[in-house]
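In what follows, chains carry the letters A, B, and so on, assigned in the order in which the sequence lines appear, proteins first and then strands, with residues in each chain numbered from 1. What you see is a predicted model; the values in this text were computed from it and never measured.
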Amino acid sequence: MNVDQSLRTAVKQAAEALFGQPLSAIQLQPTNAEFEGSHTVVCFPLTKLSRKGPEETARLVGDYLVQHAGIVSRYNVVKGFLNLVLSDQVWVDVLRAIVANPNYGQLPDNGQEIMIEYSSPNTNKPLHLGHLRNNFLGWSVSEIYKNNGYTVRKVQIINDRGIHICKSMAAWKLYGDGETPQSTNMKGDHLVGKYYVEFDKAYKAQMAALITKGASEEEASKQAPIMQLASDMLRKWEQKDPDTVSLWQTMNGWVYEGFSATYARMGVDFDKLYYESDTYLLGRDEVLKGVEKGIFFKKDDGSVWVDLTADGLDQKVLLRSDGTSVYMTQDIGTAILRFRDFPKIMGQVYTVGNEQEYHFKVLFLILGKLGYEWAKQCFHLSYGMVDLPTGKMKSREGTVVDADELMQEMYEDAEKQSRELGKLDEMSHDEAKRLFEMVGLGALKFFLLKVDPKKRMMFDPQESIQLQGFTGPFVQYTHARIRSIIRKAEGMGLQVSAGDLNGVTALEPAEREALQVLSVFENKVQEAAREYAPSIIANYAYDLAKEYNKFYQNIPIFNETDTNKLKFRIALSQSIAKSIKRAMHMLGIEVPERM
RNA sequence: GGUCCGAUAGCUCAACUGGAUAGAGCAUCAGCCUUCUAAGCUGACGGUUCGGGGUUCGAGUCCCUGUCGGAUCACCA
């Protein structure tokens, strides 16, 4: 039973009966903590129908609800706000329904399919903090959609082609001395990234030398030998020169090996990978077809453009004058290919930083112009940059926070803090290690996901390793506490099912309040999908844990001698633990049995 | 310069899409472990929601305007 729904219909009936007119929308909100009640009807909009003052209107509705709607036991009116107190029986029924539903928090299959893209790295350097926000967001939104009843296809596009990878290749060829991940004992992505940095160093030095010899900055940027080597490699790659392609394959292979280790530790995965090297030609074909159909136009130099001035944007290049693809071309091809591969998907979500908002605006417009209906169902999940206290992250200046290093630091810090707290007495070595991983990564993921994705956020390392307050470990700890209770109950032979929740008639305030928070879980799951916002789930998980801790602190469960009440409390605890676990899973965070 | 975001407690973030006296955490201070895990709980302190107008029963939220910060407007990706 859904309390909100019942209340809405009840208020609707009340309004019709009292004022003789149908009511389109009802404003129902949680009651402020300072007043008695759980639900509040905002009565100002009703005054137009009632032709009475807000307070009198509220009282009329309140009286009607107490008399006619079985679930409202009393009410109070503050200004135009009608605060409703539901009978405890209603709350017991709510818990009964939750206990009876093993999938509470997960909505039934809706038959719809959706594709979500995230990660999408370049293959010339390792993943960093920005990628972590991206991956955690994309993975979490996927889980949130699954919990809303969708079939989800998780994908990424790997930018494995282009000048950036040729830069690492050029530097390795010049200075690499045959180094491999095996010979250096380095992760492949880090090794390739090292040569990307080498390239930049050499490039800068060569440019400086040319400039002192009198070259302009632009000339120097093109004439630097190492850049010429990289450009040459790109040309050779496009001509499928065997040596170049082989080196490209080898170095990309190193990167993929490194990435898969990073993804494994991050706990993210994909249903299908797309490679730019496979899709850019399709994109070019589609663009050429568009030229034939008159959707795009060709300039005298042979370059192909789309005119978006009618949509308030500019003209945009789609093929260079030499016929090669640009970023946009590749994305057009990828999008089309994906809808061919997965014909049932209704739309696509692109998890990409907000610096690319313009790009996606243009992409979706172009796909629409090409006649693809699904273009309307494409959504750019645009998220803000992650800032450091020292300022913006810049790979060139070495101020990036490396993903692998950060995860390892979080692990070590979780270990250190756990030891200081003396939490490990009864734990095996393996269990302890799993716990550090859970807590370290949980802290990191929660920290990155608790903020509204749209907003730029600050990553303070000191704050991210906090285990107290509004953090992942706080929620994990609450779960472990509840599990401890459940174990004790099971040890006493107490198993609780929905049918056992009869004999309770009066609730403690702390019980009612915890139950109230528990009861809105599915609303939050829906809201999170609608907003593409894991932060809604993170905030909810925190609220739920916080509310449980209040209950835990106030009411000693096992002091209760009335078996009915005892069972009620255990059922409530159990349900909250399960909901915490499910909510945290939607964030990609595991919860421990003890900590 | 055009367009698009953002600005809320000392710091990091909320605020159910226009509702009540704007809430959490961190930090600071004061309490609570012989009772289910103190990674917890309870209190105190902390606000001209960037400034100025407007809309209405009601504005952090909507409109106008100014200030500050950021992104973007490439034959880069």
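Note on Y358(A): only backbone sugar-phosphate atoms sit closer than 4.0 angstrom, heavy atoms only; bases stay farther off. Residue D460(A) is out of contact with every strand shown, counting any heavy-atom pair closer than 4.0 Å. Using a 4.0 Å heavy-atom distance criterion, P30(A) is classed as a base contact. Nucleic acid contact for K455(A): sugar-phosphate only, since backbone atoms but no base atoms lie under 4.0 Å from a heavy atom of the residue. Counting non-hydrogen atoms under 4.0 angstrom, V451(A) reaches the backbone sugars and phosphates but no base. If you check every strand for non-hydrogen atoms under 4.0 Å, N554(A) touches nothing. Counting any heavy atom pair closer than 4.0 Å across all strands shown, F474(A) reaches sugar-phosphate atoms only and no base atom. S418(A) comes within contact range of at least one nucleobase, with a heavy-atom separation under 4.0 Å. The residue V326(A) sits close only to the backbone: its heavy atoms come under 4.0 Å of sugar-phosphate atoms, none of a base. Counting any heavy atom pair closer than 4.0 Å across all strands shown, I555(A) reaches a base atom. Residue contacts shown for N122(A) are limited to sugar-phosphate atoms, with no base heavy atom under 4.0 Å away. Here Q29(A) lies in heavy-atom contact (under 4.0 Å) with a base. Residue-level contact check: Y542(A) touches the backbone only, with heavy atoms under 4.0 Å from sugar-phosphate atoms and none from bases.
Side-chain proximity of L435(A) to the nucleotides G40(B), C13(B), A39(B) is greatest for A39(B). For E276(A), whose side chain is taken as the heavy atoms from C-beta onward, the closest listed nucleotide among A38(B), A77(B), C41(B) is A77(B). When distances are taken from the side chain of N539(A) to each of A14(B), A77(B), C41(B), the shortest belongs to A14(B).
Side-chain atoms of N83(A) come within donor-acceptor range of the base of A20(B), with a qualifying N/O pair under 3.5 Å.
Relative to the six-membered ring of F19(A), R51(A) misses at least one condition, a distance below 6.0 Å or an angle of at most 45° to the axis.
Here the two rings, on F447(A) and F459(A), have centers that are under 6.0 Å apart.
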